[in-house]
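Quick note: residue numbers are just sequence positions, from 1. Since we're looking at a predicted model, the values are computed, not measured.
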Amino acid sequence: MDTPLIFSTRDVNQEVEMHNDPLVITLSIHGWNVTKVLIDGGSSLNVLFYEPYLRMVLTVEQMDSSTCTIYGSNGAVSIPKREIVLQVRAGPLVTSTRFCVVEAPSPYNVIMGRLWVHRLRGTTSTYHQYLRFPTPMGEMDIKGDQQDARICNLA
């Protein structure tokens, strides 16, 4: 697991080389394959929006009270409904991850912050559209879904 995590020109899809897409992936969260997961290196929190929370068949009783406040890029303040710890699987790695559950409109289902990426010991590249991290079996990639990213950008 000491292999350097690097990106090269081989990692670029030549058809969409020039783009402005965020890194949007699919992750297994609480046993559900959740699409439209934004990897946001600028966020200190993991956010699970309330609508996908309900689709995961989770109840309000399973949540803890929330102690966090979310400040948006426009300075607007959001108070999460509650918080919950869920299992997130990235390849063979499973992490217990705390989410702030927010009832607000969003084109994304989940926003994963930098702490989660750091727990994976991973690195991201929006240009290459990859989340890359070490595992006991070697380096692992999760490829970004540029179609989902563009749909979210339009919303």
Side-chain angles (χ1 to χ4, degrees), residues 5 7 11-60 62-64 66 68-133 135 139-155:
L5 301 174
F7 297 97
D11 295 317
V12 178
N13 180 343
Q14 297 301 321
E15 295 173 9
V16 290
E17 183 173 342
M18 296 310 298
H19 65 84
N20 190 26
D21 300 327
L23 183 56
V24 176
I25 65 174
T26 297
L27 278 178
S28 176
I29 301 173
H30 190 66
W32 293 77
N33 281 333
V34 179
T35 60
K36 298 180 182 172
V37 176
L38 174 67
I39 304 299
D40 184 0
S43 177
S44 59
L45 299 171
N46 303 306
V47 177
L48 171 59
F49 291 94
Y50 194 56
E51 188 176 310
Y53 176 87
L54 293 174
R55 286 195 305 259
M56 290 182 187
V57 194
L58 294 164
T59 65
V60 174
Q62 291 172 275
M63 290 191 272
D64 301 322
S66 180
C68 62
T69 302
I70 299 173
Y71 297 93
S73 59
N74 62 356
V77 176
S78 296
I79 306 296
K81 286 183 81 62
R82 313 254 331 195
E83 295 180 18
I84 191 166
V85 176
L86 298 172
Q87 299 297 304
V88 178
R89 177 178 294 277
L93 304 180
V94 178
T95 58
S96 293
T97 305
R98 180 166 294 280
F99 291 91
C100 292
V101 180
V102 175
E103 190 167 7
S106 174
Y108 304 104
N109 291 317
V110 172
I111 298 173
M112 298 302 288
R114 64 182 170 269
L115 180 60
W116 179 78
V117 174
H118 293 178
R119 288 184 71 198
L120 291 180
R121 296 185 5 231
T123 189
T124 62
S125 173
T126 56
Y127 176 73
H128 296 93
Q129 287 290 297
Y130 280 105
L131 165 63
R132 188 163 282 166
F133 52 96
T135 73
E139 184 180 287
M140 173 128 204
D141 294 329
I142 298 178
K143 177 88 171 110
D145 186 327
Q146 287 182 278
Q147 184 175 358
D148 272 354
R150 290 174 181 178
I151 289 169
C152 291
N153 271 345
L154 290 174

Main-chain N/O of Arg132 paired to Asp141 side chain as donor or acceptor, under 3.5 Å: no

Nearest atoms (heavy-atom pairs only) where Gly122 meets Leu5: CA-CD1, 4.3 Å

Counterpart residues, ring-ring contact (aromatic ring centres under 6.0 Å, His included), relative to His128 (two or more places apart): Phe7

Residues forming a side-chain contact (heavy atoms from CB on, under 4.5 Å) with Thr95, sequence neighbours excluded: Val88, Thr97, Trp116, Arg119, Leu120

Euclidean distance, Met112 CE relative to Leu45 CG, rounded to 0.5 Å: 11.5 Å

Backbone N/O of Gly113 and side chain of Asp40: donor-acceptor pair under 3.5 Å: no

All side-chain contact (heavy atoms from CB on, under 4.5 Å) counterparts of Leu54, not counting sequence neighbours: Tyr50

Gln147 atom CD, over 12 foreign heavy atoms within 6.0 Å: no

Residue pair Leu58 / Met63, side-chain heavy-atom distance below 4.5 Å: no

Listed partners of Arg82 passing side-chain hydrogen bond (donor to acceptor under 3.5 Å, both in side chains), at least two apart: none

More than 12 heavy atoms from other groups under 6.0 Å of CD on Gln62: yes

List the atom pairs, donor and acceptor, that lie under 3.5 Å between side-chain atoms in residues 103-110 and the rest of the protein, sequence neighbours left out.
unit_1: Glu103; atom_1: OE1; unit_2: Lys81; atom_2: NZ; d: 3.1
unit_1: Ser106; atom_1: OG; unit_2: Tyr108; atom_2: N; d: 3.0
unit_1: Ser106; atom_1: OG; unit_2: Tyr108; atom_2: O; d: 3.2
unit_1: Asn109; atom_1: OD1; unit_2: Arg55; atom_2: NH2; d: 3.2
unit_1: Asn109; atom_1: ND2; unit_2: Thr35; atom_2: O; d: 2.7

Minimum heavy-atom distance between Leu23 and Leu131, given as atom pair plus value: CD2-N, 4.0 Å

Close side-chain approach of Ser43 to Arg114, heavy-atom, < 4.5 Å: no

Residue list, side-chain contact (heavy atoms from CB on, under 4.5 Å) with Asn20, at least two apart or on another chain: none

Heavy-atom check, side chain of Arg98 versus side chain of Ile84, under 4.5 Å: no

Test item: Ile111 and Phe49 side chains (from C-beta on) under 4.5 Å apart, heavy atoms: yes

Heavy-atom check, side chain of Leu27 versus side chain of Ile142, under 4.5 Å: yes

Minimum heavy-atom distance Ile25-Gly144, with the two atoms named: CG2-CA, 3.9 Å

Any Met140 side-chain heavy atom under 4.5 Å of Phe133 side chain: yes

Exercise: identify the closest heavy-atom pair between Glu83 and Ser66: OE2-OG, 3.2 Å

